[in-house]
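Contents: one structure, followed by commentary.
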Amino acid sequence: MIDLQHITQEYKTSDGKGTFYACKDVNVHIRPGDIFGIIGRSGAGKSTLVRCINLLNRPTQGKVIVDGKDLTQMSDAELRAERRQIGMIFQHFNLLSSRTVYDNVALPLELVNTPKDKTREKVMPLLELVGLTEHANKYPSQLSGGQKQRVGIARALSSDPKILLSDEATSALDPETTQATLQLLKKINKELGLTIVMITHEMDVVKQICNRVVVMNKGVVVEEGDVIDVFRDP
Ligand code: ADP
Ligand code: ADP
């Protein structure tokens, strides 16, 4: 489903003289239907790696193969189409404050000029799925953190992606809301068949819902495997 091959991301050091590797020769294989965890300290290179999957980062070296297609060889126009297969959710939700819940979820459809009735047919079931039907006309400022994240999830699903990327999606939420959000992601994986790739610094999150995991440190993968093996007590 997703093959990251020899991914290297270089940056200049802050003095401009040297080279710094946010990721160095990283190889990761993600299978269809996985809930794949990427864990590691802040600065380990997790976001950089995940942003390579939808080419928000173009890696300095390496290949990004999604569904058999090499995204690194694509033109910007081809990539735009391909990116619609990949939804993303964020720690700080990234909602538009001037738009209602409905209009936030509808945004990706609007961007490709979807007719209003088709948009409604898509958005209403998604609001139902995430339990926000009665909040459709509210603005983000009127919602709790957990509700905002559910808007983010519904928006990410509106273009019918096959893959959902999650960058610390539960890190700004309290434990109870985190639980509810994880259960929702599990349901989306199971019922809609989405492959989920999630970044987290919380081991418990991985243990709870991921089947596979990589542990990153300083730009390299230090461990990869089934969650039950990686976290098995010695
Ligand atoms: P993580 O998600 O694990 O916290 P990141 O992938 O965000 O790690 O960052 C990895 C390293 O790369 C960090 O040291 C960060 O400061 C650096 N970094 C990230 N983006 C850039 C950038 N655009 N320019 C320079 N350095 C960056
Ligand atoms: P997070 O994923 O934790 O929300 P970011 O992805 O914004 O945070 O950044 C992660 C790290 O990368 C931070 O330490 C930040 O300072 C660093 N970083 C991000 N963008 C750049 C950049 N353009 N230049 C240098 N460092 C960056």
Side-chain angles (χ1 to χ4, degrees), residues 1-30 34-66 71-72 74 76 79-80 82-83 86-95 145 148-149 152-153 156 161 163-175 178 181-182 185 194-225 227 230-231:
M1 180 98 221
I2 305 172
D3 238 325
L4 300 170
Q5 302 178 351
H6 304 291
I7 299 295
T8 294
Q9 180 86 48
E10 297 178 10
Y11 292 117
K12 288 249 179 302
T13 49
S14 39
D15 62 10
K17 289 182 188 146
T19 304
F20 158 86
Y21 294 95
C23 288
K24 196 165 185 182
D25 197 24
V26 172
N27 294 288
V28 173
H29 181 68
I30 299 167
D34 274 348
I35 303 185
F36 196 98
I38 300 180
I39 195 165
R41 294 203 184 131
S42 180
K46 307 182 296 294
S47 294
T48 302
L49 187 68
V50 162
R51 281 158 202 265
C52 286
I53 297 174
N54 56 8
L55 291 217
L56 281 177
N57 272 344
R58 268 189 189 269
T60 319
Q61 282 176 56
K63 283 181 195 286
V64 178
I65 316 278
V66 176
L71 302 194
T72 51
M74 287 185 178
D76 287 344
L79 256 187
R80 262 195 298 281
E82 215 51 47
R83 275 207 192 109
I86 305 174
M88 189 155 183
I89 57 175
F90 307 89
Q91 178 172 7
H92 299 296
F93 324 122
N94 295 9
L95 303 179
K148 285 182 204 168
Q149 192 55 286
I153 292 169
I163 297 165
L164 181 64
L165 308 178
S166 162
D167 191 347
E168 298 280 7
T170 58
S171 299
L173 304 176
D174 61 57
T178 293
T181 307
L182 293 177
L185 292 176
L194 264 80
T195 303
I196 299 179
V197 182
M198 54 191 313
I199 298 178
T200 178
H201 62 277
E202 293 164 297
M203 206 93 84
D204 283 343
V205 167
V206 172
K207 282 188 190 164
Q208 265 190 53
I209 76 160
C210 296
N211 61 313
R212 297 275 299 172
V213 64
V214 296
V215 183
M216 290 188 76
N217 189 30
K218 297 182 180 163
V220 301
V221 169
V222 291
E223 195 149 357
E224 169 167 14
V227 168
V230 172
F231 294 122

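Ligands are counted one by one from 1 in listed order, and the atoms in each one are counted from 1 as well. Here the structure is a predicted model, which is why all the values come from computation and not from measurement.
A donor-acceptor contact shorter than 3.5 Å is absent between the side chain of Thr200 and the backbone of Ile39. No donor-acceptor pair under 3.5 Å is formed between the side chain of Lys46 and the backbone N or O of Met216. Remark: the backbone N or O of Gln5 is not paired with any side-chain donor or acceptor of Asn27 at under 3.5 angstrom. In this structure a side-chain-to-backbone donor-acceptor pair under 3.5 Å is missing from Glu168 to Met198.
Under the 6.0 Å distance and 45° angle rule, Lys148 does not count as a cation-pi partner of Phe93.
The option with the heavy atom closest to atom 21 (C) of ligand 1, from among Tyr11, Tyr21, Phe20, is Tyr11. Of the candidates Gly43, Cys52, Ser47, Gly43 brings a heavy atom nearest to atom 10 (C) of ligand 1.
Interface of Ala44 with ligand 1, defined as ligand atoms under 4.0 Å from a residue heavy atom, comprises 1 (P), 3 (O), 8 (O). Distances below 4.0 Å separate heavy atoms of Arg41 from the following atoms of ligand 1: 3 (O).
Side chains of Ser171 and His201 form a contact here, defined as non-hydrogen atoms less than 4.5 Å apart.
Here's the thing with Ala22: none of its N/O atoms is less than 3.5 angstrom from an N/O atom of ligand 1.
Proximity of Met216 to ligand 1, defined as any heavy-atom pair under 4.0 Å, is not found for any part of the residue.
Heavy-atom separations between Ser42 and ligand 1 include at least one value shorter than 4.0 Å. Residue His201 places no heavy atom under 4.0 Å from ligand 1.
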